[in-house]
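Here is the structure we will look at.
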Number of protein chains: 2
Amino acid sequence: MDIREIERFLKFNQIKPSHHRLKIYEYLVKNKNHPTADLIYRELVDEIPTLSKTTVYNTLNLFVEKGAAQLITIDESENRYDADMSIHGHFKCKHCGKVYDFPLNFAAIDMGGLQNFQVEENHIYLKGLCNDCQIQKEN
Amino acid sequence: MDIREIERFLKFNQIKPSHHRLKIYEYLVKNKNHPTADLIYRELVDEIPTLSKTTVYNTLNLFVEKGAAQLITIDESENRYDADMSIHGHFKCKHCGKVYDFPLNFAAIDMGGLQNFQVEENHIYLKGLCNDCQIQKEN
DNA sequence: TCATAAAAATGTAATCATTACAAATTAATA
DNA sequence: TATTAATTTGTAATGATTACATTTTTATGA
Ligand SMILES: [Mn+2]
Ligand SMILES: [Mn+2]
Ligand SMILES: [Zn+2]
Ligand SMILES: [Zn+2]
């Protein structure tokens, strides 16, 4: 996804593609690391010295509001963001802190107890030890 | 679950059953409302005038640490707690704010992308409109 | 029972992520 | 260019949670 596609994508989602918005969205797309607002700020401020943290927060809130990104609340006290709007699950390693994606067959989730409930969002969060960290502990 | 059972349960989980701890755990068991620390405090402070909010926080953290309750981070900026440690999902209504339980066939979740990952916790959160609120909107 | 130590609870201050808000800057429009 | 709207900025406020020192309660044992 190059900068032109990002511009089109933001416009498509009713978001005026200002320079900062383009850069923040580009960061989300290129680094699929589910970053916090603070991390995005720290990563971009060298390249964009005038960037303010408030703008990062404002922009991320706008993305979520317009459906261009999703908010991941996998852990208390840290909001993370993801430009991948497809249905997928997240796994956070308790040891290294990395957040992994995994495919999800949402239809398999049987919501027997929720007849007539209208589902608008789904958040599937797992926690534990990732493959790499398990190997480390064994040695 | 009467107070005697609660006492036994806390002891079983390596938690000394002080009066406050018993009352807070009893609140979780009797009101399956996934409350915040603040709500628990407000609900109990009349009955226990000496209760402090710090004690509620300390106690809930202890419960989670010892595996007697689980922390539900279904929404940013509010930690909710649940004494039900069985595997089940949560649905939060965006209109009325109520958090519903629903049964969950966890085995149905295919984690194809997570070979050799060791899962220790699972959090399944859905959001949308509950049955009651949909009916209201239709009228 | 009384002394002593350990555990639990309290109250206040600190922390920290996020938001509110007013001012400044930039972009769009005519 | 003049005018208006949108965006961005910097700082202050908010609010949930935690840190910490003090007080209270409970347990232990001479
Ligand atoms: Mn993701
Ligand atoms: Mn529950
Ligand atoms: Zn890991
Ligand atoms: Zn509802």
Side-chain angles (χ1 to χ4, degrees), chain A residues 6-7 10-11 13-27 34-66 68-82 92 97 99, chain B residues 6-7 10-11 13-27 34-66 68-82 92 97 99:
Chain A
I6 290 172
E7 192 171 339
L10 292 184
K11 277 180 183 165
N13 285 94
Q14 323 277 358
I15 297 165
K16 291 196 182 176
S18 72
H19 180 241
H20 289 177
R21 288 171 180 172
L22 282 169
K23 282 303 199 179
I24 291 171
Y25 194 82
E26 184 188 42
Y27 180 88
H34 311 93
T36 61
D38 189 68
L39 178 63
I40 295 171
Y41 173 78
R42 294 199 313 271
E43 296 271 26
L44 292 182
V45 74
D46 285 336
E47 193 187 347
I48 315 168
T50 65
L51 183 65
S52 113
K53 202 178 277 189
T54 303
T55 296
V56 178
Y57 277 106
N58 289 342
T59 301
L60 292 169
N61 284 341
L62 183 68
F63 288 171
V64 171
E65 196 183 306
K66 298 293 190 181
Q70 62 171 318
L71 171 59
I72 296 172
T73 60
I74 195 168
D75 254 333
E76 67 272 30
S77 78
E78 60 173 30
N79 288 359
R80 292 164 168 268
Y81 295 87
D82 192 347
K92 176 165 184 176
V99 175
Chain B
I6 290 173
E7 193 171 339
L10 291 184
K11 279 181 183 167
N13 285 93
Q14 323 278 357
I15 297 164
K16 289 197 184 177
S18 73
H19 180 240
H20 290 176
R21 288 170 180 172
L22 282 169
K23 282 305 200 180
I24 291 171
Y25 194 82
E26 183 187 44
Y27 181 88
H34 312 91
T36 62
D38 190 68
L39 178 62
I40 295 172
Y41 174 78
R42 294 200 313 271
E43 295 272 24
L44 291 183
V45 74
D46 285 336
E47 192 187 346
I48 316 170
T50 66
L51 183 66
S52 112
K53 202 179 275 189
T54 303
T55 296
V56 178
Y57 277 107
N58 289 342
T59 301
L60 292 168
N61 284 340
L62 183 68
F63 289 170
V64 171
E65 196 183 306
K66 298 292 190 182
Q70 61 170 318
L71 171 60
I72 296 171
T73 59
I74 195 168
D75 253 333
E76 67 272 31
S77 78
E78 61 173 28
N79 288 358
R80 292 165 170 267
Y81 295 87
D82 192 348
K92 177 166 182 173
V99 175

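Values reported hereafter were calculated over all heavy atoms of this structure, with side chains retained and with hydrogens, waters and symmetry mates removed. Numbers restart at 1 for each chain; the letters A, B, ... are given by sequence-line order, proteins then strands.
Between B/Leu60 atom CG and D/dT18 atom C1' there is a gap of 14 Å when expressed in whole angstrom units. If you take CD of B/Glu65 and P of D/dT18, they are 12 Å apart, rounded to a whole angstrom. Summarising the geometry, the separation between CG on A/Leu22 and C1' on D/dT7 is reported as 13 Å, rounded to the nearest angstrom. Going from atom NZ of A/Lys53 over to atom P of D/dT8 covers 18 Å, rounded to whole Å. The CG-P distance, from A/Asn58 to D/dT11, rounds to 16 Å in whole Å. Atom C1' of nucleotide D/dT8 and atom NZ of A/Lys23 are separated by 17 Å, given to the nearest angstrom. Protein atom CD1 of B/Ile15 is 18 Å distant from nucleotide atom P of D/dT26, rounded to whole Å. For B/Glu76 and D/dT17, the CD to P distance is 13 Å, given to the nearest whole Å.
A distance-only check finds no donor-acceptor pair linking the side chain of B/Arg21 to the backbone of B/Ile15 [under 3.5 Å]. Of the possible polar contacts, none joining the A/Arg80 side chain to the A/Ile72 backbone as a donor-acceptor pair under 3.5 Å is found.
Taking both residues in full, the closest heavy atoms of A/Pro17 and A/Leu22 are given as O-CD1, 3.8 Å, listed atom of the first, atom of the second, then distance. The minimum heavy-atom distance between A/Lys66 and A/Gln14, with the atom names listed, is CE-O, 3.6 Å. In terms of heavy-atom proximity, B/Val45 sits nearest to B/Leu51 at CG2-O, 4.3 Å.
The side chain of A/His20 contributes an N or O atom lying less than 4.0 Å from OP1 or OP2 of D/dT9. Between C/dA9 and B/Ser52, no contact under 4.0 Å exists linking OP1 or OP2 to a side-chain N or O. When the side-chain nitrogen and oxygen atoms of A/Asn61 are compared with OP1 and OP2 of C/dT19, one or more of them lie within a distance under 4.0 Å. Within the 4.0 Å cut-off from OP1 or OP2 of D/dT18, not a single side-chain nitrogen or oxygen of B/Tyr57 is found. Taking side-chain N and O atoms only, A/Thr54 has no distance below 4.0 Å to OP1 or OP2 of C/dA20.
The listed nucleotides are D/dT17, C/dT18, D/dT11; the one nearest the side chain of B/Asn79 is D/dT17.
Residue B/Lys16 is in sugar-phosphate contact alone, with no base atom involved, counting any heavy-atom pair closer than 4.0 Å across all strands shown.
If you check distances only, the side chain of A/Ser18 never reaches the base of C/dT26 with a donor-acceptor pair under 3.5 Å. Counting distance only, with no hydrogens placed and no angle test, the side-chain atoms of A/Ser77 and the base atoms of D/dT17 include no donor-acceptor pair under 3.5 Å.
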